[in-house]
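Residue numbers start from 1 in every chain, and the chains themselves are labelled A, B, ... in the order their sequence lines are given, proteins ahead of strands.
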Amino acid sequence: MARNITPREKDYSQWYLDVIRAGELADYAPVRGCMVIRPNGYSLWEVIQRHFDEAFKDTGHVNAYFPLLIPSSFLEKEADHVEGFAPECAVVTHAGGEELEEPLVVRPTSETVIGHMYSKWVQSWRDLPILINQWCNVMRWEKRPRLFLRTSEFLWQEGHTAHAAKEEAVEETLRMLEVYREVMETRLALPVVTGEKSEAERFPGADNTYTCEAMMTDMKALQAGTSHFLGQNFAKAFDITFQNKDGEREYAWTTSWGVSTRLIGAIIMTHSDKDGLVIPPEVAPVKAVIMPISDDEKALSETFEPEAMELRDRLNALLGKRSVKVDTQYHMRPGDRFFYHLQRGVPLRIELGKKEYESQSVRLVRRDTGEKTDVSWDRAPETVRQLLESIQKNLYTRALEFRKANTHHVKSYEEFKNVLETRGGFITAHFAGTREDEKEIKSETTATIRCYPMNGQSRGTCFYTGKDDAPLAVFAKAY
RNA sequence: CGGGACGUAGCGCAGUCUGGUAAGCGCACUUGACUGGGGGUCAAGGGGUCGGAGGUUCAAAUCCUCUCGUCCCGACCA
C-alpha cells in the first residue's frame, strides 16, 4: 500500500494530485495556472503525440508551424469567436520597450492566423484541400487551474483544413473524430463516447462540434478531444475563396480539431490506482523494467546484471528501442525499488534474483493486477509481449465495464435527478429541450449535455419537455 | 471573480489565540553498521528565519495592513 498517496475514496482531487507528484509527472510553475511538465510526464506526452501524429499522417495531413502572437484585430473578425475567447486571452501590449500600436494576443487557438494565411494560399479549386496540423502551446487564462486538466498554458495539436465542398469538410470533421476515437481506445485504452455537442457547448465560431467524452473513475465526464465543422464562417471572416471549375468564386469550407495534454489527466483518472500511476503499455515510455535483486554485490555485477542486460536487449529487439530498462539502483532496497516503478506506472516489472537465476527464469509482475508469473529465459520475450497485450486489453475493458456499469437511462426529470444524486455517472435520455432548458437543468443539477452520441440514432419522448421524436443525449457532471 | 481553508526543512505537520527561554516532530536526505524477494533496524549527522513586502514593539512564525500562491465550493470556461 502506498503511504504517500491519499486514498481515492477519501479525497479524489487530492489522490489525483498525489499520483502526479509521486509519479513526478508535473510540478507547479512560478506563474499561477502554469505547470512544468517533468521528464516522466513529457515522455508520456511524446508517446501519445507519436501515435496521433502517425494517424494524422496516415490520413494525409502534414505538419507546419504558425506563430504564437496574433494581431488582436484578427480575433475580432469572427463575432462568435471573439466573444468566446476574449475573456481568457492574454494580451501583449508592450515590446521593445514601447507600447505596441496594436496589441498582440497570445494564441488561445489558431483559426484566425491560419485563416489569414489560407486566404493567401488558396486561389483555385486545385489548391484545395489544405490539410495542415500543428503541434504547439496555447494560452487560455484560467480562473481555476488544475494540473493537466485545465492550465493557462497547455500543449496540444490543432488540425486545420480547408475544402472546396461542404460534404468534404463534414467528412473530414467526422474522419478526425474517428481517428481520435481509434487512438484513444487502442493506444490510451480510453473508451470514449463520440457525439455531437449541443449548441451551448459548441466551439465559438463552429457550425457543429463533435467530441470524445470519457468517464473518469469518479464518474465525471472529461472532454478528451473535439473536432469542429466550421462551415464557411472563418472563410468569410478571412476571405478564403477560390475559383471553382466553372470559374466562379466560392468560399472554402474549413474544419479544425484538437487534443491536448489533458489526455494525460484522462489516463491518470481512468487507469491509476491506490499505488499511483498506471500507464497502458501502448503509451508507456518504459514498458517493462528488469530488476536484478541480490544482497551480494558481486553476484549482481557479475551474474544477474549481465543476464538482465541480455534479456533487455532481446526484449527491446521485440518491443522497440528503449522499451525496457534495467534498474540498477542497488543503493535502494528491493521494496523501495518496487514502489519506485509502481508509482511511475511501468506496466511490467521483471525480477531476476537468485531463485530465478538458479532455475533460469524470471518473475513477471503486472502493474494492473499485481499478478505474478514465473517464466523461463527462452520463453520470456514472448510471454512479456503477451502480458503487455493482456494489460493493454485489461485496462481498456476495465474502463469500458466501469462506464457501462455507471451509465443509466432515464425517462423523466424526476428519475434524472434521482439517478444523478444516488448513482451519478452518465445518464442517457431523449432530449429535445432548448438552450434555456439545458441551462436550467445545469443550474439545478450541475449536469450538462456531454453530447448527442453518434450511434444513438434512437428517438423517443423528451424526458424534460415531453416532446416526441427527441434525439438521445448523454448527460453528466463534467470537468 | 465571490465564499471557505491553508502557506513553518524535499514531503506531511506542531507551535500562532495568550509576542520573549520555539525553530520543533515524523518521513525523506548524508555517513557507518547490521540487513536485503513489497516502503527494515540502530547510531551519528546536514538542512528551514517561518510565502513575500510593509508596519506596531525593547522584542514578531506569533499582532496589524497589503500582496503572491495552493486546495475545496460556486460563477465562468476549448
Side-chain angles (χ1 to χ4, degrees), chain A residues 1-6 11-18 21-22 24 27-35 80-81 83-89 107-111 138-147 149-154 156-158 197 200-206 209-212 222-228 230 256-262 274-276 291-297 299-300 304 327 329-343 349-358 362-363 365 367 370 372 374 439 442-443 446 448 477-479:
Chain A
M1 174 67 107
R3 58 192 181 199
N4 56 350
I5 294 178
T6 305
D11 184 343
Y12 197 86
S13 301
Q14 192 54 51
W15 166 81
Y16 174 77
L17 294 168
D18 288 346
R21 183 175 35 73
E24 294 180 358
D27 206 343
Y28 294 102
V31 175
R32 180 190 154 75
C34 293
M35 68 171 164
D80 290 336
H81 197 65
E83 193 188 326
F85 282 111
E88 35 188 324
C89 281
R107 65 180 162 219
T109 178
S110 304
E111 275 74 7
V138 287
M139 179 156 277
R140 298 177 187 179
W141 212 252
E142 290 294 346
K143 309 242 162 125
R144 201 177 160 188
R146 262 170 144 276
L147 292 179
L149 301 178
R150 188 177 287 107
T151 46
S152 290
E153 180 190 8
F154 58 91
W156 80 340
Q157 145 282 311
E158 47 180 326
K197 282 289 185 191
E201 302 260 328
R202 209 173 272 160
F203 177 76
T209 286
Y210 297 88
T211 178
C212 297
L222 183 74
Q223 180 174 299
T226 47
S227 184
H228 316 289
L230 303 175
S256 69
W257 26 274
V259 297
S260 72
T261 37
R262 175 180 257 200
K274 61 178 172 31
D275 292 326
M291 283 187 42
I293 302 171
S294 175
D295 55 356
D296 177 350
E297 277 181 40
L300 275 174
F304 302 148
D327 174 8
Q329 304 177 98
Y330 303 131
H331 62 281
M332 287 160 73
R333 296 161 38 76
D336 292 317
R337 292 162 74 198
F338 292 159
F339 275 90
Y340 180 89
H341 299 292
L342 223 49
Q343 301 199 327
R349 184 172 79 237
I350 304 174
E351 301 174 11
L352 175 56
K354 196 170 163 204
K355 282 179 246 166
E356 289 80 8
Y357 190 79
E358 280 166 2
V362 285
R363 165 158 288 190
V365 187
R367 175 64 181 87
K372 295 169 179 162
D374 292 313
K439 210 171 171 183
K442 186 185 176 184
S443 70
T446 74
T448 50
K477 298 186 182 186
Y479 276 101

Distance check, C1' atoms only: B:U16 and B:U8, in whole angstrom units.
11 Å
Mind checking the P distance from B:A44 to B:G38? Whole angstroms is fine.
29 Å
Sugar-phosphate only, base, or nothing, as touched by [X] at under 4.0 Å among non-hydrogen atoms:
{"X": "A:S13", "answer": "sugar-phosphate"}
{"X": "A:Y479", "answer": "nothing"}
{"X": "A:R144", "answer": "base"}
{"X": "A:E351", "answer": "base"}
{"X": "A:P30", "answer": "nothing"}
{"X": "A:Q14", "answer": "nothing"}
{"X": "A:R349", "answer": "base"}
{"X": "A:L342", "answer": "base"}
{"X": "A:E201", "answer": "nothing"}
{"X": "A:G205", "answer": "nothing"}
{"X": "A:F338", "answer": "base"}
{"X": "A:R150", "answer": "base"}
{"X": "A:T226", "answer": "base"}

Using a cut-off of less than 4.0 Å, is there contact between a side-chain N or O of A:R337 and OP1 or OP2 of B:G39?
no
What about [X], does its side chain sit under 3.5 Å from the base of [N] through a donor-acceptor pair?
{"X": "A:T209", "N": "B:A78", "value": "no"}
{"X": "A:Q343", "N": "B:G39", "value": "yes"}
{"X": "A:R333", "N": "B:G37", "value": "no"}

Mind checking who B:G10 pairs with, Watson-Crick or G-U wobble, both distances under 3.5 Å?
B:C27
Is the aromatic ring of A:F339 within stacking range of B:G39, meaning centres under 5.5 angstrom and planes under 30 degrees?
yes
With sequence neighbours excluded, tell me which residues meet ring pair (Phe, Tyr, Trp, His ring centres under 6.0 Å) with A:Y210.
none
Tell me every residue that passes salt bridge (Lys or Arg N to Asp or Glu O under 4.0 Å) with A:R363, counting only those two or more places apart in sequence or in another chain.
A:D374
